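Just so it is clear, the structure is predicted and the values come from calculations on it, not from any experiment.
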Amino acid sequence: RSMCCTKFPYAWSRIRVKIIIILVICILPQIASGQLSAPKRLMTDLLEHTESVFQNGLLTNIPIEEALQRQDIQVARIHSSTPRFSWQMASEEPNTIQSAFQIQVATNPELLLKDTPDMWDSRKVLSPKNTAIIYAGKQLKPNTCYYWSVRVWNQNDSISPDSEIKAFVTAKEFSQTISRYPLIKR
């Protein structure tokens, strides 16, 4: 042992106690509050990568908004006029349960960032459901790009940050066809 520890054992025990107190004060509130991460793995009609743009079957960096004007690229098109939204709740804490959700849909991602969606705001819905939540907003238009995000609450009424904003494009005509990823065109 070092000379410091043998000469001043009382001082070292006080330092250890202070360190423990600081850790408890800083860490315990975060654990007790059950802080949530933003929901992840957002899906529209059970398709996860609806914002992806393909050219000849290969992923590109072309913005999804440009996909509506070009014939040589492909995107997953949502065929339903009432798409279904799904996500996974994210939490570091075990036994965390979703108690509510809020979905927002807009024609521009900036509206979601400002918390002013122009198509649909579900408001806080008390439900543990996170799969196939049916769109219930203004009528969607064919061949249009929309953006959505979701936030959730846990059983302690702690709210998550908003999810990432996801884009989806509606089909040129709505139908009962199942939404799907584009096929390779050569």
Checklist entry - Okay, side chain of Asp45, backbone of His79: is any donor-acceptor separation there less than 3.5 Å? => result no
Checklist entry - Does some side-chain heavy atom of Pro83 sit less than 4.5 Å from a side-chain heavy atom of Leu140? => result yes
Checklist entry - Got a second to check how far Glu48's CD is from Met43's CE, nearest 0.5 Å? => result 6.0 Å
Checklist entry - Which word best sums up how the rings of Tyr135 and Trp120 line up, parallel for under 30°, tilted for 30 to 60°, or perpendicular for over 60°? => result perpendicular
Checklist entry - Taking the side chain as C-beta and beyond, is there a heavy-atom pair between Ile103 and Trp87 under 4.5 Å? => result yes
Item to check | Considering all heavy atoms, the nearest Ala90-Ala38 contact | outcome: CB-O, 3.4 Å
Checklist entry - More than 12 foreign heavy atoms under 6.0 Å from CG of Asp72: is that the case here? => result yes
Item to check | Sole candidate of Ile62, Leu59, Val75 that passes side chain to side chain contact (heavy atoms under 4.5 Å, CB included) when paired with Phe54 | outcome: Leu59
Checklist entry - Applying the 4.5 Å side-chain criterion to the ILVMFWY set and letting contacts propagate, would Ile97 and Val125 be lumped into a single cluster? => result no
Checklist entry - Side chains of Asp115 and Gln104: is there a donor and an acceptor less than 3.5 Å apart? => result yes
Checklist entry - Asn156 side chain to Ser158 main-chain N or O, any donor-acceptor pair under 3.5 Å? => result no
Item to check | Smallest separation among heavy atoms of Ser37 and Ser160, with atom names | outcome: O-CB, 3.5 Å
Checklist entry - Does Glu173 reach the side chain of Pro142, with side-chain heavy atoms less than 4.5 Å apart? => result no
Item to check | Main-chain N/O of Lys141 paired to Thr170 side chain as donor or acceptor, under 3.5 Å | outcome: yes
Next on the checklist: Determine whether Asp157 and Lys124 satisfy the following criterion, side-chain contact (heavy atoms from CB on, under 4.5 Å), listing intermediate values before the conclusion.
Outcome noted: CA-CA 11 Å; Asp157 209 33; Lys124 184 178 181 180; 2.8 Å; yes
Item to check | Verify same cluster id: Leu111, Ile165 (apolar side-chain graph, 4.5 Å) | outcome: no
Next on the checklist: Which heavy atom of Thr50 sits nearest to which heavy atom of Leu47, and what is that distance?
Outcome noted: CG2-O, 3.6 Å
Checklist outcome for this item: When rounded to the nearest 0.5 Å, the distance separating OG1 of Thr116 from CG of Leu112 is 8.0 Å
Checklist entry - Should Leu42 and Leu36 be counted in the same cluster of Ile, Leu, Val, Met, Phe, Trp and Tyr side chains packed under 4.5 Å apart? => result yes
Checklist entry - Does any N or O in the side chain of Thr60 come within less than 3.5 Å of the main-chain N or O of Val53, such that one atom is a donor and the other an acceptor? => result yes
Checklist entry - Between Asn154 and Thr96, does a side-chain hydrogen bond (donor to acceptor under 3.5 Å, both in side chains) hold up when you go through it step by step? => result CA-CA 6 Å; Asn154 68 9; Thr96 301; 5.4 Å; no
Checklist outcome for this item: d(Leu126 CG, Phe101 CZ) to nearest 0.5 Å is 9.5 Å
Item to check | Validation row: Val105, Pro117 side chains within 4.5 angstrom (heavy atoms) | outcome: no
Checklist entry - Which pair of non-hydrogen atoms, one from Ser80 and one from Ser179, has the smallest distance, and what is that distance? => result N-OG, 4.5 Å
Next on the checklist: In the structure I gave you, are the side-chain heavy atoms of Arg84 and Leu46 within less than 4.5 Å of one another anywhere?
Outcome noted: no
Checklist entry - What's the spacing between Gln88 CD and Ser163 OG if we round to 0.5 Å? => result 12.5 Å
Checklist entry - Just how far is it from atom OH of Tyr147 to atom CG of Leu113, taken to the nearest 0.5 Å? => result 11.5 Å
Checklist outcome for this item: Tightest non-hydrogen contact, residues Ser149 and Glu164, listed as CB-O, 4.0 Å
Checklist entry - When rounded to the nearest 0.5 angstrom, what distance separates CD in Glu66 from CG in Leu68? => result 10.0 Å
Checklist entry - Do Gln98 side-chain atoms and Ser127 backbone N/O form a donor-acceptor pair below 3.5 Å? => result yes
Item to check | Non-hydrogen atoms of Lys129 and Thr131 that approach each other most closely | outcome: CE-O, 3.0 Å
